[in-house]
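Single-structure report; data block below.
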Amino acid sequence: MSIIIMDRLNLAKEIQAQLETVYDPELKPANIVDLGLVYEIITKEDGTAKIVMTLTAPGCPVAGEIMNEVQEKVSGIEGIKDAIVELTFDPPWTKDMMSEEAKLELGFL
């Protein structure tokens with residue numbers, strides 16, 4: 001599954017690079033991008049960045065930690081004034097959304 005990108009600030013590459021340093025502790029060593037948890041990266045001219053993402057399960061015990069880390073890392077990018085993290089469960093996450101690399105790292109292949 002590919003990430004939907006609407007990038008008025010041309011910062012999507014930097015944002016994705018930061019998101020690739022965020023991990024779901026239950027599924028290390030795969031990052032949230034390789035796990036397929038990031039659905040959208042949106043930037044607007046006013047310096048707002050919005051990340052639409054999901055979790056592996058609605059009751060994920062580390063949901064708050066992961067979302068805070070995403071918000072902090074995206075906020076730290078030069079040119080971003082405000083980072084918004086939106087959680088969605090539509091579509092629900094499945095292992096099919098993982099990159100081949102993540103499936104290999106986690107022993108699903």
Side-chain angles (χ1 to χ4, degrees):
M1 184 173 144
S2 59
I3 299 171
I4 296 167
I5 297 176
M6 291 177 273
D7 186 18
R8 300 278 177 137
L9 297 175
N10 293 317
L11 291 173
K13 281 189 173 64
E14 288 90 332
I15 291 169
Q16 185 167 333
Q18 284 298 312
L19 296 176
E20 288 171 352
T21 68
V22 178
Y23 298 88
D24 180 327
E26 297 175 345
L27 291 171
K28 272 189 168 181
N31 65 61
I32 63 171
V33 173
D34 287 339
L35 287 172
L37 299 179
V38 178
Y39 290 171
E40 296 178 29
I41 297 173
I42 301 162
T43 64
K44 296 182 180 173
E45 290 94 343
D46 66 1
T48 302
K50 180 176 173 183
I51 310 303
V52 179
M53 63 175 290
T54 193
L55 299 167
T56 54
C60 179
V62 291
E65 294 168 37
I66 293 171
M67 292 174 67
N68 286 342
E69 187 176 354
V70 167
Q71 203 264 339
E72 285 171 19
K73 288 189 173 179
V74 174
S75 293
I77 296 170
E78 191 173 330
I80 301 293
K81 293 186 179 116
D82 189 25
I84 300 161
V85 182
E86 181 179 305
L87 195 58
T88 184
F89 291 101
D90 184 26
W93 181 83
T94 67
K95 289 181 181 139
D96 294 338
M97 295 173 170
M98 295 167 57
S99 69
E100 293 296 309
E101 185 178 287
K103 288 177 184 172
L104 192 62
E105 285 177 336
L106 295 169
F108 292 125
L109 285 181

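Since we're looking at a predicted model, the values are computed, not measured.
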I need the single residue from Ile80, Ile42, Ile77 that forms a side chain to side chain contact (heavy atoms under 4.5 Å, CB included) with Leu9. Which is it?
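Of all the options given, the one that passes is Ile80.
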With rounding to the nearest 0.5 angstrom, report the CG to OG1 distance, Asn31 to Thr21.
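Going from the CG atom of Asn31 to the OG1 atom of Thr21 covers 8.0 Å.
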Find the distance between CG (Leu27) and CG (Leu55) and round it off to the nearest 0.5 Å.
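Answer for the CG-CG pair, Leu27 versus Leu55, is 11.0 Å.
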Shared hydrophobic cluster, [X] / [Y] (ILVMFWY, side-chain heavy atoms < 4.5 Å):
X     : Y     : result
Ile4  : Leu35 : no
Val38 : Met6  : no
Phe89 : Ile66 : yes
Val70 : Ile5  : yes
Tyr23 : Met67 : no

Could you check Val74 against Leu19 for side-chain contact (heavy atoms from CB on, under 4.5 Å), going step by step and ending with a plain yes or no?
CA-CA 8 Å; Val74 174; Leu19 296 176; 4.0 Å; yes
Main-chain N/O of Phe108 paired with Lys95 side-chain donor or acceptor, under 3.5 Å
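A pair under 3.5 Å: no.
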Test your reading of the model: is there a side-chain donor-acceptor pair from Thr54 to the backbone of Trp93, 3.5 Å cut-off?
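Pair absent, no side-chain N/O of Thr54 close to backbone of Trp93.
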List in chain and number order the residues that pass side-chain contact (heavy atoms from CB on, under 4.5 Å) with Asp46, two or more places apart in sequence or in another chain; answer none if no residue qualifies.
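So Asp46 forms a side-chain contact (heavy atoms from CB on, under 4.5 Å) with Lys44, Thr48.
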Do you know which two heavy atoms are closest between [X] and [Y], and how far apart they sit?
X     : Y      : value
Ala30 : Glu105 : CA-OE1, 3.5 Å
Asp90 : Thr88  : N-OG1, 3.2 Å
Ile32 : Met53  : CD1-CE, 4.3 Å
Thr43 : Arg8   : OG1-N, 2.9 Å
Ile3  : Gln16  : CD1-OE1, 4.0 Å
Ala49 : Ile15  : CB-CD1, 4.1 Å

Residues in side chain to side chain donor-acceptor pair (under 3.5 Å) contact with Ser75, at least two apart in sequence or another chain:
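Side chain to side chain donor-acceptor pair (under 3.5 Å) check on Ser75 returns Gln71.
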Checking Met97 against Thr94 for the side-chain contact (heavy atoms from CB on, under 4.5 Å) test, could you report, in this order, the C-alpha distance in whole Å, the side-chain angles of both residues, the deciding distance, and whether it holds?
CA-CA 6 Å; Met97 295 173 170; Thr94 67; 4.0 Å; yes
CA sep, side-chain torsions, deciding dist, call: Leu106, Met98, side-chain contact (heavy atoms from CB on, under 4.5 Å)
CA-CA 10 Å; Leu106 295 169; Met98 295 167 57; 3.4 Å; yes
Over 12 non-hydrogen atoms of neighbours within 6.0 angstrom of NZ in Lys50
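No, not enclosed.
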